[in-house]
2 protein chains.
Amino acid sequence: MPKRVDHAERRTQIAEALVRVAGRRGLHAVGMRDVAAEAGVSLRLVQYYFETKEKLLLYGLQHLAVRFGERVTARARSAGTAPGPRATVESLLLTSLPTDEESRAFHLVYTSYAVLSVTEPALAAQPFLQQPGAAEDVLTDLLSQAAAAGLTTPDLDPRLEASSLLALSAGLGTSILVGHRTPDSALTVLHHHLDRIFAGPERD
Amino acid sequence: MPKRVDHAERRTQIAEALVRVAGRRGLHAVGMRDVAAEAGVSLRLVQYYFETKEKLLLYGLQHLAVRFGERVTARARSAGTAPGPRATVESLLLTSLPTDEESRAFHLVYTSYAVLSVTEPALAAQPFLQQPGAAEDVLTDLLSQAAAAGLTTPDLDPRLEASSLLALSAGLGTSILVGHRTPDSALTVLHHHLDRIFAGPERD
DNA sequence: AACATCATGGTACGGTCGTATCACGAAAAC
DNA sequence: GTTTTCGTGATACGACCGTACCATGATGTT
């Protein structure tokens, strides 16, 4: 067998090029030629590693979801050793906010995918768009633990609060994205909401 | 002068066709030929009343914003005579949720526009995308009045709560849109949040 | 050394999209 | 009644996009 290149690595390289150019010019405006140019390869290679554009998009979204998961856990770890429930919750939510340029691009592309999935069944059927469901489970667990430890407002409904927090973060995120709100003001809103949930003296 | 047709009416007709097809197949998939076919006119006519596609999109978004405003006020009026602040707030927020098919299409198209505006400065510069800002002002006023009347939790920050409510509704809206949540569960979350704000015995 | 196979480049094809052009009927103005 | 202008249709053009096709180094295998 000849040259043998690492396909997974190459696909990742191209997928990240896709995400970059989509974050810059919008997902609707990315063509295979743009992705090829951004990745520094020829159009033919993009075709070679992803036969069709749809597969490229699908892989791009999948890659984005994975990277997002890594971001969350990385941020959660760097939050310090044995962080309190509130700090954990906060770091989880803050990670999904488009604060720096990278997370901005991330949020934009992910939202674009979500909007596309409404009218394209092939996208909606993909599992990674259901990641919010998983996040809700994790959040619900965290809130349950906090409630059991007496750190929260009494009579707290963990799942309901988790839904509320996620929807709020998502809304704040898109607000920042479209320029209706600054990251700081979003942080204020989020902190205020968390203050209502966590009654204890814990602070980030 | 010859036949003299009502331009405004014709433009509205075409713009609504645009919104319909965009709600069905996604804004990214809408071409001028689709709009023409949906409106029952020739491609040339779409060009005639809107010279360029960009102007058509702009007018479509504007029309959408206007219709949305009408929806809000209509819903607010039909909420009953002299509705309490909470009922007014609730009706305002519920109107922006994609519950029925029409509001679903509305929400989808509006979100598509918002996502587009991130990467297309021409769209971001348009004033109608700042309607959320106006909504926040209205909400802030309503909450201030309610607070002054003693209907709310003490020490309420009206502007902060208005921001929070709008972001929450937006997040819930997109959740419904992409199929992550049912309208009912969104209602539950919203009601719960409102319960935290409005302390009085008032109920919808 | 000959060969099979992977990786890559270049390029052409069919389709679609936004836009421009040409043409014509109809009605108001003179 | 002629002329001018508005409304409308049909169609053509140039660009771009996704995909397919053909060619050719490079590199293992036999």
Side-chain angles (χ1 to χ4, degrees), chain A residues 1-22 24-61 109 112-113 116 119-123, chain B residues 1-61 109 112-113 116-117 119-123:
Chain A
M1 308 280 176
K3 214 186 336 183
R4 300 304 288 181
V5 152
D6 186 343
H7 272 224
E9 187 181 356
R10 194 74 94 186
R11 285 164 67 91
T12 298
Q13 169 196 358
I14 296 179
E16 296 199 338
L18 160 68
V19 171
R20 276 198 304 276
V21 58
R24 225 182 306 129
R25 302 215 292 270
L27 187 60
H28 68 282
V30 281
M32 318 224 73
R33 288 166 176 85
D34 305 282
V35 176
E38 176 77 20
V41 300
S42 75
L43 168 62
R44 180 65 180 88
L45 274 213
V46 180
Q47 283 187 263
Y48 183 69
Y49 290 101
F50 308 88
E51 284 105 42
T52 176
K53 183 185 186 181
E54 185 183 2
K55 293 181 182 173
L56 170 60
L57 290 179
L58 251 33
Y59 188 86
L61 176 51
V109 177
S112 302
Y113 272 118
L116 273 189
T119 44
E120 324 255 329
L123 269 181
Chain B
M1 310 276 179
K3 211 189 331 183
R4 300 302 293 180
V5 154
D6 187 342
H7 272 222
E9 187 179 357
R10 194 76 91 180
R11 286 165 66 91
T12 297
Q13 170 196 356
I14 297 179
E16 295 199 339
L18 160 68
V19 172
R20 276 198 304 275
V21 58
R24 225 182 305 127
R25 302 214 294 268
L27 188 58
H28 67 283
V30 179
M32 317 224 75
R33 288 166 176 84
D34 306 281
V35 176
E38 176 78 20
V41 300
S42 74
L43 168 63
R44 179 67 180 87
L45 275 215
V46 181
Q47 285 187 264
Y48 183 70
Y49 289 102
F50 306 89
E51 285 106 42
T52 176
K53 185 186 185 182
E54 185 182 1
K55 292 181 183 174
L56 170 61
L57 290 178
L58 251 34
Y59 189 85
L61 175 51
V109 177
S112 303
Y113 272 118
L116 273 189
S117 77
T119 43
E120 323 255 329
L123 269 181

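So you know, we letter chains A, B, ... as the sequences are listed, proteins then strands, and number each from 1.
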Whole-Å distance separating the CZ atom of A:Arg11 from the C1' atom of C:dA7: 15 Å

Whole-Å gap separating P (C:dA7) and CG (A:Leu43): 18 Å

Pair A:Gln13-A:Val41, side chain to side chain contact (heavy atoms under 4.5 Å, CB included): steps then yes or no: CA-CA 10 Å; A:Gln13 169 196 358; A:Val41 300; 4.1 Å; yes

B:Tyr113 (side chain) donor-acceptor with B:Leu57 (main chain) under 3.5 angstrom: yes

Phosphate-side-chain proximity, B:Thr52 and C:dT19, N/O vs OP1/OP2 below 4.0 Å: yes

Whole-Å gap separating P (C:dC17) and CZ (B:Phe50): 19 Å

Between D:dC22 (C1') and A:Tyr48 (OH): distance, integer Å: 15 Å

Sugar-phosphate only, base, or nothing, as touched by B:Val46 at under 4.0 Å among non-hydrogen atoms: nothing

Atom pair distance, as rounded to whole Å: CG in A:Leu45 and C1' in C:dG9: 8 Å

Non-hydrogen side-chain atoms of B:His28 and A:Leu116 separated by less than 4.5 Å: yes

Nearest listed nucleotide, side chain of B:Met32, among C:dG18, C:dC22, C:dT8: C:dG18

From OG1 (B:Thr52) to CD (B:Gln47), nearest 0.5 Å: 9.0 Å

Which nucleotide in C:dT19, D:dG7, C:dC22 has an atom nearest any side-chain atom of B:Arg44: C:dC22

A:His7 side-chain proximity, nearest of D:dG7, D:dC17, C:dA7: C:dA7

Of the listed nucleotides D:dT8, D:dT19, C:dT19, the one nearest the side chain of B:Arg10: D:dT8

Nearest-nucleotide pick for B:Tyr49, side chain only, options being C:dT8, C:dT19, D:dT8: D:dT8

Nucleotide C:dT8, atom C1' - distance to CD1 of A:Ile14 in whole Å: 12 Å

Distance, rounded to the nearest Å, where A:Gln47 contributes CD and D:dC22 contributes P: 14 Å

Approximate separation, where rounding is to 0.5 Å, of A:Leu18 CG and A:Glu38 CD: 9.5 Å

Protein-nucleotide distance (A:His28, atom NE2; D:dC16, atom P), rounded to Å: 15 Å

